[in-house]
Amino acid sequence: GTPSPAPLPPGTRVFHDLASALKIRGAAVDFEAVVTATAGLLDIGNSTIVVDDGTAAVAVVLPDATDLPSIGMRVHVTGKVGRWETGPTILASRIEALGDLQAMAPRTISGPLTASLEWRLVRACGRIDAFVRAGVRWRVDMLVAGHEVSVLGEPAAAIVVDKSSVGRLAVVTGVVRRSTSNSTSFQLLPRIALDFRLGPAPDGPGAAVALNSAGGTGVGATGSGTSLGQDYGSVPIGSLPSYLGRRVTVSGLVTDTTTAT
């Protein structure tokens, strides 16, 4: 069992939403939120997750010996507001998995990454202009609606990208984090391989379809060999019997996996 946190002094104000709490360093928090990135991607000292309660998002540094919640899990967090690279974090004294799952849709951006997006789950579509490898990490610079967006590949995400990606279109989903080398700039961190979808070159077949589909409709992602340029209709999962034999795109929250065929 996780030990209960020490009681707060009488009269301590406790914040129940992130938008209000993150403005005050050291503020006590007690809130519920959805996990958008699990531990291992950007650990800050201890295991660290990212959560979003609908009002804002933040990295949560977990106590020792805490079971790691997965993406999509709803959690109850108590702790206080801290700082990392001049940006806000939560230093959790207790975290409880509530058991239910909730999908958190990324917001599609068409401009630069700013402080207003810090720790948020976002999606960007653009052309890759540069690729740089730095040890076990890589970075690509994307041109998104005329603005440069830096995408950082962390080892835990296990995303394979190389210099052949330069000049091609990509749709990237991830959490926004301050740069560790310049705390005034921000980077997009994809979490898993499916967060980085590489498409055709801008003048190649299907490029227009890929760009127009960046919001999540009409983008083929049904199996290996499927590219961004394939224009499959997006349909609700419940309507699949009506589309027997046709290629479609569906999206949802994965709640279980099996090796059975």
Side-chain angles (χ1 to χ4, degrees), residues 1-8 12 14-22 25-85 87-106 118-122 136-137 152-159 173-178 180 188-196 251-260:
T2 303
S4 299
L8 295 171
T12 300
V14 179
F15 291 85
H16 299 287
D17 69 280
L18 289 175
S20 301
L22 297 182
R25 185 170 184 172
V29 295
D30 184 328
F31 64 96
E32 294 182 6
V34 176
V35 178
T36 54
T38 192
L41 182 68
L42 41 76
D43 293 344
I44 304 169
N46 274 19
S47 297
T48 305
I49 62 175
V50 180
V51 303
D52 191 319
D53 74 343
T55 69
V58 71
V60 177
V61 182
L62 304 179
D64 292 332
T66 300
D67 291 336
L68 303 181
S70 57
I71 293 175
M73 183 171 290
R74 194 161 186 84
V75 292
H76 181 192
V77 180
T78 55
K80 65 179 181 179
V81 177
R83 284 289 183 270
W84 178 79
E85 299 290 343
T89 63
I90 296 293
L91 304 176
S93 56
R94 183 183 179 90
I95 181 167
E96 178 187 4
L98 300 180
D100 54 333
L101 297 171
Q102 179 178 331
M104 181 64 68
E118 187 166 15
W119 301 120
R120 289 284 196 178
L121 183 65
V122 305
V136 295
R137 294 173 175 83
L152 185 66
E154 290 285 352
I159 302 172
T173 302
V175 293
V176 178
R177 189 199 70 177
R178 286 179 190 261
T180 56
L188 182 58
L189 273 65
R191 304 156 299 171
I192 57 176
L194 290 176
D195 279 346
F196 194 99
S251 61
L253 182 69
V254 177
T255 59
D256 194 13
T257 61
T258 178
T259 56

CG of Asp67: more than 12 outside heavy atoms within 6.0 angstrom?
-> no
side-chain hydrogen bond (donor to acceptor under 3.5 Å, both in side chains) partners for Thr180, two or more places apart | none
Looking at Val75 and Ala97, what are the two nearest heavy atoms and their distance?
-> CG1-CA, 4.2 Å
side-chain contact (heavy atoms from CB on, under 4.5 Å) test vs Ile95 passes for just one of Val51, Ile90, Val77, namely Val77
With sequence neighbours excluded, residues passing salt bridge (charged side-chain N to carboxylate O under 4.0 Å, His left out) with Arg137 | Glu154
Can you find a pair of side-chain heavy atoms, one from Ser47 and one from Leu68, that are under 4.5 Å apart?
-> yes
Got a second to check how far Ile159's CD1 is from Leu152's CG, nearest 0.5 Å?
-> 10.0 Å
CZ of Phe15 to NZ of Lys80, rounded to nearest 0.5 Å, is 14.5 Å
Contacts of type salt bridge (charged side-chain N to carboxylate O under 4.0 Å, His left out), residue Asp195, not counting sequence neighbours = Arg191
The residue among Ile44, Val81, Val60, Thr48 that forms side-chain contact (heavy atoms from CB on, under 4.5 Å) with Thr89 is Ile44
Over all atoms of both residues, closest heavy-atom pair of Ala157 and Pro190 | CB-O, 3.5 Å
Just how far is it from atom CZ of Arg120 to atom CG of Leu188, taken to the nearest 0.5 Å?
-> 14.5 Å
Reported CG-to-CE distance for the pair Leu121 and Met104, which is rounded to 0.5 angstrom = 8.0 Å
Measure from the side-chain N and O atoms of Thr78 to the backbone N and O of Ser93, and report whether any donor-acceptor pair falls under 3.5 Å.
-> no
The side-chain hydrogen bond (donor to acceptor under 3.5 Å, both in side chains) partners of Ser70 (sequence neighbours excluded) come to none
Closest heavy-atom contact between Ala193 and Ala158?
-> CB-O, 4.3 Å
Ring pair (Phe, Tyr, Trp, His ring centres under 6.0 Å) with Phe196: which residues, sequence neighbours excluded?
-> Trp138
Thr173 and Leu194, any side-chain heavy atoms less than 4.5 Å apart | no
Would you tabulate the side-chain donor-acceptor contacts of residues 29-37 under 3.5 Å, counting partners in other chains and residues two or more places apart, or write 'none'?
residue	atom	partner	partner atom	Å
Asp30	OD1	His76	NE2	2.5
Thr36	OG1	Val50	O	3.3

Indicate the atoms forming the closest heavy-atom contact of Pro69 with Leu62, along with that distance.
-> CD-CD1, 4.4 Å
Considering residues at least two apart in sequence or located in another chain, which fulfil the side-chain hydrogen bond (donor to acceptor under 3.5 Å, both in side chains) criterion with Thr38?
-> none
Counting distance only, does the side-chain N/O of Trp119 pair as donor-acceptor with the main-chain N or O of Pro88 below 3.5 Å?
-> yes
Report the residues that fulfil side-chain hydrogen bond (donor to acceptor under 3.5 Å, both in side chains) with Asp43, sequence neighbours left out, ordered by chain and then residue number.
-> none
Partners passing side chain to side chain contact (heavy atoms under 4.5 Å, CB included) against Asp64 (at least two apart in sequence or in another chain) | Asn46
State, with a plain yes or no, whether a side-chain heavy atom of Asp53 is found less than 4.5 Å away from one of Asp17.
-> yes
Looking only at heavy atoms, what is the nearest atom pair of Ala21 and Ala27, with distance?
-> O-CB, 3.9 Å
